[in-house]
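All values below come from the heavy atoms of this structure, side chains included, with hydrogens, waters and symmetry mates left out. Order of the sequence lines sets the chain letters (A, B, ...), proteins ahead of strands, with each chain counted from 1. Fair warning: this is a prediction, and the values are worked out from it, not measured in the lab.
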There are 2 protein chains.
Amino acid sequence: MEAVFEVLAEPNRRRILDLLRTSERPVGDLVVRLGLSQPAVSKHLRVLREAGLVGVRSDAQRRIYRLRTEPLRAVDAWLEPYRSLWEDRLDALERHLDAMPDDPGPPDGPHGPG
Amino acid sequence: MEAVFEVLAEPNRRRILDLLRTSERPVGDLVVRLGLSQPAVSKHLRVLREAGLVGVRSDAQRRIYRLRTEPLRAVDAWLEPYRSLWEDRLDALERHLDAMPDDPGPPDGPHGPG
DNA sequence: CGCGTGTATTTCTTGACAGGCATATAACCG
DNA sequence: CGGTTATATGCCTGTCAAGAAATACACGCG
């Protein structure tokens, strides 16, 4: 799952996946729904395809794209050990810890501002 | 969860999270274990902190970093509708579809190579 | 074959970011 | 205060990805 996160980092690519999650679609459909140029969509699809996140099928001149789940399973697998951190009864403790501020530090030092 | 994926896209940052998943650690410890320069680690920690993925606590001169799970929960939430795609009985069907090749296309056109 | 639609690729420019080094800041010690 | 350790920031450079425009390719049609 080397590069999957990099691919998912692009918001429009996630939008494409979200669109393909419900049903497979030709490129033109994605172009309309995303409001991007056709070459831009095509490039994103290439990236997604090289990452194994989508698959293609040819229908005459059209190319029908659909979701492929395997890389997402890898992400899910990476996330799994983390998930146990909030799915356990440790939940309450975790929330308490997360509520603590990020130690902004003293603004003017131990001897005071003036 | 706007920028979480971008932050996670960096492999060394994921390594940092993996290290912090088991226990909180000071910066120097991360430097040793990652084999990166101290400034590099410090910069990654800044990014992680601004994304809310880690928190800091001061211990004398040391700064102890620990994991914060909230952004990862957001990723998990994004993944949830996808997860149902392979956690259902549709699993077998999905696998079958994923096994299909990516339509490489004809190598030399309809009239043949020669 | 030549045309038209639908999609992919090339080329260029621009911007973001990782990593290194040098250096600034902060906390502790005497 | 000066010195030392621990961490953060600034500056610089190489790399790489995104975006736009032009163009090439694939397929069906007649």
Side-chain angles (χ1 to χ4, degrees), chain A residues 2-16 20 24-51 53-66 102-113, chain B residues 2-16 19-20 24-51 54-66 102-113:
Chain A
E2 308 280 337
V4 186
F5 279 105
E6 292 178 17
V7 174
L8 293 178
E10 228 290 324
N12 285 320
R13 288 200 283 259
R14 289 202 305 278
R15 290 176 67 199
I16 289 177
L20 295 181
E24 58 181 24
R25 300 177 190 276
V27 178
D29 186 40
L30 294 171
V31 169
V32 170
R33 291 178 192 263
L34 294 170
L36 298 179
S37 72
Q38 178 269 314
V41 173
S42 209
K43 274 207 241 178
H44 283 311
L45 286 171
R46 180 193 177 91
V47 173
L48 287 166
R49 194 149 57 93
E50 288 178 345
L53 279 158
V54 302
V56 204
R57 165 170 59 94
S58 286
D59 175 55
Q61 310 100 310
R62 272 177 291 185
R63 308 263 286 167
I64 313 285
Y65 280 81
R66 66 178 179 74
D102 263 17
D103 183 64
D108 43 46
H111 34 248
Chain B
E2 310 278 336
V4 185
F5 279 105
E6 292 179 16
V7 174
L8 293 179
E10 227 292 321
N12 286 320
R13 287 199 284 260
R14 288 201 305 279
R15 292 176 66 199
I16 289 176
L19 286 169
L20 294 182
E24 57 181 24
R25 301 178 190 278
V27 178
D29 186 40
L30 294 172
V31 169
V32 171
R33 291 177 193 263
L34 294 171
L36 296 179
S37 70
Q38 177 268 315
V41 173
S42 209
K43 282 181 204 174
H44 282 309
L45 287 171
R46 180 193 176 91
V47 173
L48 287 166
R49 194 148 57 93
E50 287 178 346
V54 302
V56 205
R57 166 169 59 94
S58 286
D59 175 55
Q61 310 100 309
R62 273 177 291 187
R63 307 263 288 167
I64 314 285
Y65 280 81
R66 66 179 179 73
D102 263 17
D103 183 65
D108 46 44
H111 35 247

*Asks:* May I ask you to verify if any side-chain N or O of A:R62 is less than 4.0 angstrom from the OP1 or OP2 atom of D:dC27?
*Replies:*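 It does not, given that no N or O in the side chain of A:R62 lies less than 4.0 Å from OP1 or OP2 of D:dC27.
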*Asks:* Rounded to whole angstrom units, what separation is found between the CZ atom of A:R57 and the C1' atom of C:dG6?
*Replies:*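 Rounded to whole Å, this separation is 16 Å.
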*Asks:* How many angstroms lie between NZ in A:K43 and CZ in A:R49, if you round to the nearest 0.5 Å?
*Replies:*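 CZ of A:R49 is found 15.0 Å from NZ of A:K43.
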*Asks:* Measure the distance from CD on B:Q61 to C1' on C:dA27 and round it to the nearest whole Å.
*Replies:*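 Rounded to the whole Å, the gap is 5 Å.
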*Asks:* Is there a side-chain polar atom (N or O) of B:Y65 under 4.0 Å from OP1 or OP2 of D:dA6?
*Replies:*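 So the side-chain polar atoms of B:Y65 never come under 4.0 Å of the phosphate oxygens OP1 or OP2 of D:dA6.
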*Asks:* Under the 3.5 angstrom rule, does the side chain of A:R66 hit a backbone N or O of A:G55 as a donor-acceptor pair?
*Replies:*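 No, the answer is negative, given that no donor and acceptor are paired below the 3.5 Å cut-off.
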*Asks:* Expressed in angstrom and rounded to an integer, what is the separation of B:I16 atom CD1 from C:dG19 atom C1'?
*Replies:*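 Spelled out: CD1 on B:I16 to C1' on C:dG19 is 13 Å.
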*Asks:* Phosphate oxygens OP1/OP2 of D:dA8: is one of them under 4.0 Å from a side-chain N or O of B:R46?
*Replies:*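 False: B:R46 side-chain N/O out of range (4.0 Å or more) of D:dA8 OP1/OP2.
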*Asks:* Which nucleotide in the set D:dA8, C:dG19, C:dG4 lies at the smallest distance from any side-chain heavy atom of B:N12?
*Replies:*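 That would be C:dG19.
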*Asks:* Cut-off 3.5 Å, no hydrogens considered: what does the side-chain donor-acceptor table look like for residues 24-35 of chain A, sequence neighbours left out?
*Replies:*
from	atom 1	to	atom 2	distance (Å)
A:E24	OE1	A:R57	NH2	3.3
A:E24	OE2	A:R57	NH2	2.1
A:R25	NE	A:L19	O	3.2
A:R25	NH1	A:D29	OD2	3.0
A:R25	NH2	A:T22	OG1	3.4
A:D29	OD1	A:R33	NE	2.9
A:D29	OD2	A:R33	NE	3.2

*Asks:* Once you round it to whole Å, what is the distance between P of D:dT7 and CG of B:L45?
*Replies:*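 So the two atoms are 10 Å apart, to the nearest Å.
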*Asks:* Which heavy-atom pair separates A:V7 from A:R13 by the least distance, and what is that distance?
*Replies:*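 Scanning both residues completely, I find the closest heavy atoms to be O-NE, 2.7 Å.
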*Asks:* Looking only at heavy atoms, what is the nearest atom pair of B:Y65 and B:V56, with distance?
*Replies:*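 Nearest pair, atom of B:Y65 first, then B:V56: CE2-CG2, 3.4 Å.
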*Asks:* Quick one, which residues of residues 26-39 of chain A touch DNA chain C with a heavy atom under 4.0 Å?
*Replies:*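 When residues 26-39 of chain A is checked for heavy atoms under 4.0 Å from DNA chain C, the hits, listed by number, are A:P26, A:V27, A:G28, A:Q38, A:P39.
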*Asks:* Using a heavy-atom cut-off of 4.0 Å across all strands, would you classify A:A40 as base, sugar-phosphate, or nothing?
*Replies:*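 Nothing, no heavy atom under 4.0 Å.
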*Asks:* Just the rounded figure in Å: distance from P of C:dA18 to CZ of A:F5.
*Replies:*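 Going from A:F5 (CZ) to C:dA18 (P), I get 16 Å.
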*Asks:* Which atom pair, heavy atoms only, marks the closest approach of B:S58 to B:R63?
*Replies:*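 In terms of heavy atoms, the two residues are closest at OG-NH1, 3.2 Å.
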*Asks:* Rounded off to whole Å, could you give me the CZ-to-C1' distance for the A:R25 and C:dT7 pair?
*Replies:*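 To the nearest whole Å, that distance equals 18 Å.
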*Asks:* Write down the protein N/O and nucleotide N/O pairs, taken from nucleotides 14-18 of chain D, whose separation is under 3.5 Å; answer none if there are no such pairs.
*Replies:*
from	atom 1	to	atom 2	distance (Å)
D:dA18	OP1	A:R13	NH1	2.9
D:dA18	OP1	A:R13	NH2	2.6

*Asks:* Do B:L8 and A:L8 make a side-chain contact, defined as non-hydrogen atoms from C-beta onward lying under 4.5 Å apart?
*Replies:*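 They are not in side-chain contact.
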*Asks:* Using atom CD1 of B:I64 as one end and atom P of D:dA8 as the other, report the distance to the nearest whole Å.
*Replies:*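 Atom CD1 in B:I64 sits about 11 Å away from atom P in D:dA8.
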*Asks:* Roughly how far, to the nearest 0.5 Å, is CD of A:E10 from CD of B:E6?
*Replies:*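 One gets 8.5 Å once the value is rounded to the nearest 0.5 Å.
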*Asks:* Can you tell me how far apart CG (B:L45) and CD (B:Q38) are? Round to the nearest 0.5 Å.
*Replies:*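 Between B:L45 CG and B:Q38 CD, I get 9.5 Å after rounding to 0.5 Å.
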